[in-house]
Amino acid sequence: MKAIMTTHVHPSFTLVPSAPNSVDSHKNTMKDTDIKTLLYAHFLCIFSVILSVLIPSFFVEDFSILDTHLTWLCFCSLFVTSINLVLYLVPKPNSSSKRSSLSHKVTRFLKCCVYFLVSCFSFHVIFVLYGAPLFELVLETFLFAVILSTFTTVPCLCLLGPNLKAWLRVFSKNGGHLRNQKTRVTSIWENSLQITTISSFVGAWFGAFPIPLDWERPWQVWPISCTVGATFGYVAGLVISPLWIYWNRKQLTYKNN
Amino acid sequence: MRLGSGAFAAICVAVEVLGVAIFLRGFFPASVRSSSRAGLQAEPPAPEPLAGASSNWSKLPLPLFSKAVIVLIDALRDDFVFGSKGARYMPFTTYLVGKGPSHSFVAEAKPPTVTMPRIKALMTGSLPGFVDVIRNLNSPALLEDNVIRQAKAAGKRMIFYGDETWVKLFPKHFVEYDGTTSFFVSDYTEVDNNVTRHLEKVLQRGDWDMLILHYLGLDHIGHVSGPESPLIGRKLREMDGVLMKIHTALLTKERETLSPNLLVLCGDHGMSETGSHGAASAEEVRTPLVLVSSAFERKPDDIRHPTQVQQTDLAATLAVGLGLPIPKDSIGSLLFPVVERRPMREQLRFLHLNAIQLSRLLQENVPSYEKDPGFEQFMMAERLHGNWVKLHLEEDRSGALLNLGTKVARQYLGALRTLSLALSVHVAQYDIYSMAVGVIIVLETLILLLLSTPQVLHRRAELEMPLSSPLFSLLFYLMFLILSAIHVVVCTSAESSCYLCSLPWLVAGGVMVLVSALLCVIVSTLARMVMDSTSLWKVQQSAAHPCSGWSEVGLLLLLGTVGHVLSLGASSFVEEEHQTWYFLVNTLCLALSQETCRSYFLGDDSELQRCFHTQPGTVGANCMQQACTACEASKPGQASKGLPSGARGGHTRWAVLAGPWLVLACCRLLRSLNHTGVQGAHRPDLGHWLTSSSHKMELSYLAALSLLVIFMLAQRGCSPMSKVALALGLLGVFCYRAAIGNLLFPWQPANKGISKGILEARFVYVFVLGILFTGTKDLLKSQVIATDFKVKTVGLWELYTGLVLLAALLLRPHNHPVLAFSLLIQTIMTKFIWKPLRHDVAEITVMHYWFGQAFFYFQGNSNNIATIDISAGFVGLDTYMEIPATLLTVFGTYVGPVLWAVHLAHFLSAEASSDSAMGCACFCYALICSVPVATYIILVTSLRYHLFIWSVFSPKLLYEGMHLLITAALCVLFTATDQTGHARPWTKMDA
């Protein structure tokens, strides 16, 4: 994972000049507080995932991740989405939407919803292309698409807004080589977004591995291993990204906006 | 010595094929087999020997027992009966063993200690090897001579209850049967109750001669909770009750008929301390064998201890006991205690029959059988026997004669033991020495390939192979001497038979020369690499570039290949390997789609390209760039369309974006055409739907459409002559399928007479050969005469077309879409992905390899021998002819990999004018095929006592070996076309 991320992110940043000065130290402190905020935010997200396991057992009978998997998927998706909304929209870490009218906000929100739905459906299509049954287990497949969208598309929507160019910029390895310097990873937040999204995908990808094994375990049923894999990947990404950014904070500089 | 990288790779793969062949020869030892097959009528039994005359006793002796009951308890270990557990839980059996009318033995099972081979061993008396599985391809029934078949031929009525395996092995042999499946391991009561519930009725009826019961419960308990579980005791007690019931029933029957009955209690294999089985530990191979009959009555002070015998001895004993001929392939010897109460003449007769059968088997399998001590002993015993019979017939019985008879019997027993041993070492064990030599050769070639990878990928097409430095020759001779010494030591001390030792000395010496030469080449290459490493490092430093390192696709290709190789260690992943390939190919498509999106939406392609191509390290990128310029120059109309600079907007752009998704959709369709593997094979799929007779019309339309698509796509690169030939050939394919009744012509809805379609198929063969000939001619022309290099490309495409036509003929009609989609995907990838994105040669090669593998499975193949479509070998042939049938079947099975590899050759010759491209591709192809093979044979060696070694790993090993052979052939083809490439600049200079 780390190796992939290194190759992904490394070209996007230039090396920090060695001579320290006041501006740099100021930057560094800013970066440290940013990392702290990021860490807390991620802890909240992890917390929401844990809550989605614990809370429903109070008012749903016989709740367990394996047996009532679909219920858990709904809860998990709901919790993570709401936490993301609260986290990214209330404190506005990216301060991009400064003075926009209400109608603009509404269209933006609607656009986000459409994007979310489109991503759900396209994930569904991808799963079917990957070999998920076409006619049976449609709801299961779709909910897997929803949860994967929750882990990947929702944070993107919150942070970058419905802006495909920005998405491509963030998720391209060679974004740093472009002539126009607008397209670059511009903050810790985008960096961590890369890590969590890719680790969710990788988790879901690895989650498909145990399906052909003949162990006859209940969690080998489609799509449980994949959803669980995606969740683990997401949580792992949430944990890894602040740590990774912290360890590499000397090498990372972001273009100031 | 300088070698082109392609030639080098071809040589390496050829050597590797040799190594794998030696390994396979050691892994699958040839089984001992009687040449007269079991299907033929049994020859009359050998008459009793009589010195100076012929005996009048030439019939088989009468049966010793009128009825026989065999109780086989799965995974019954010897200490469950003879040990403390037996004393505690099986009191009745313990009584029988200790004081009752019985003989008890510890029968040693040979690995693999798995149920089916063990049943075969018990009933045929031979040791089934994996080769037998190949021999009776597709037929689960046991074809070798066995006790059950002999009993059926003798008109005995047999009844079977228990494990379903028996019913599959001996179909139509039992007058009554009830098979239970061993599918649910967690069920250990129901499986056995299903057997026992019949018992009461059957024992009362008595209208049978042989009753076989196979209890599975104990094995299931072992798998679930191990040999120390309390459930074991309960199960043993249940079995004890069953035995008591049978014994008393047999005794009451005996009182009516006054002839003794036989009860056999045996286990097929043991149980390890963890409760599993399959390997060769003492707990797994030692099984009890108890024979109970009133004929074995003994005095109270006669204490018998279980003696150690072989499991294979039971077949001969049963045959003798039931008055049947001993199975021809049996290597067991009669359990003498069973007959020792009989009159001396009868005893000797039985021993003689057994010895004759074993010595015949020895004569047929060992060339120098006369020198075998067992055979000498047998000749001696037979002579003594003859004299004894003469004496016996002349004078009446006396003490002296009895003593002499005992001596003859002892002589016979010695002969039997020696013969049986000689035969069993001939088959039983893995030939570790040959396997090790094979592994060493394969590993050495693999290391050599890996060591030269950086050279091929980074610097040049020609490799320096150091072969003649003085130090090198010294090392070589030293290695050779050491290896020869090892060879002599191993061969003189080995107890079991060994393939390499049985080879002539010259050949074995050649193998040793090869091994030491490879080692020396590796050592010197390594030494040179160490010396060069400093300068190489500098080169790399200077080559450091912002965009050096792996692209996403490159990384995916590397990780995917490594992941696939690692997955081969798990039996489920081997069974479901198609899933791995589908998964990888799909992921590859997604990665490609991401790449297309990025290069088109971000509008950075020109910049990117420049950045890629000025990089000094990658030869591949360079030659691809040259390729692009070259093809632009040669066919301006076609080439510029595919290039991004030529058409940035419009529909091409969208086609490029949609390309990977189209490929994905094609893969999804193909995946639902044929379900393979173990888990998916039984599920309904499109292929089954199409082949069912009620959907013949749909199948016909689909096949016609597919053939049309094949024609449209394949005719593009051909000369006009070949176009016509292709069209006629494809028409012939349809006619052939219609003639043999697979398809219907729209104008003849009713079924007409079905022929073998010989004429139609040969009509197609003519066109196949014609197209292939034209292609070869073009290739040769481009080599000899200086023409523009388009001739070579056309030639390669014609070769490819010929193979496509042959594939269309051989594949079943419901697989024609596979072929059509294969061509479609190749076209899409070529036009919209490889050309615009300019991947380097290594990446393109690996992608071709991946798609080839995926198509191998799309076509319905799996890693199971049973899915091979043998009917491909009979297309257009009147009778079975071995060589063409084998070639056709192999091609029909490996259509996917072969077509994709040939397409790779054509693509590179069309796109890359650089000489190094083809060599580089050949090298990469060889490397990527040999890595799985090398890893797999090491895995198989370490897993050789695995439970699934015969059912899962061995078939896959054969597939891998075959794939390597095909790879070698393809590499030679690559190199041959590469030679033409080399010849070109020369001839130009001459001109």
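Letters A, B, ... mirror the listed sequences (proteins, then strands); counts begin at 1. Note that these values count all heavy atoms, side chains included, but never hydrogens, waters or copies made by symmetry.
Residue B:S567: no heavy atom, backbone or side chain, is found under 4.5 Å from chain A. Residue A:I126 touches chain B through its side chain alone, counting heavy-atom pairs closer than 4.5 Å. Residue A:V128 touches chain B through both its backbone and its side chain, counting heavy-atom pairs closer than 4.5 Å. For a residue to count as touching a neighbouring chain, one of its non-hydrogen atoms must lie under 4.5 Å from one of that chain's; by this rule B:L590 touches chain A with the side chain only. Of the atoms belonging to A:P133, it is backbone heavy atoms, and not side-chain ones, that fall under 4.5 Å from chain B.
Interface remark: of the candidates B:L669, B:L664, B:V585, B:T587, B:T587 forms the most heavy-atom pairs closer than 4.5 Å to chain A. No other option in B:W661, B:F583, B:F573 has as many heavy-atom pairs under 4.5 Å with chain A as B:F583.
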- Apply ring pair (Phe, Tyr, Trp, His ring centres under 6.0 Å) to the pair B:Y857 and B:Y582, showing each step before the final yes or no. CA-CA 9 Å; B:Y857 294 103; B:Y582 298 167; 7.1 Å; no
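Looking only at atom types and distance, the side chain of A:T141 has a donor-acceptor partner in the side chain of A:W222 under 3.5 Å away.
Residue A:F123 forms a ring-ring contact (aromatic ring centres under 6.0 Å, His included) with just one option from A:F116, A:F144, A:F201, and that option is A:F201.
In this structure, A:R108 and A:L157 have side chains that are not in contact, with every pair of non-hydrogen atoms separated by 4.5 Å or more. By the 4.5 Å heavy-atom criterion applied to side chains, B:H564 and B:W850 are not counted as neighbours.
The pair B:E575-B:K956 does not count as a salt bridge, with every side-chain nitrogen at least 4.0 angstrom from each carboxylate oxygen.
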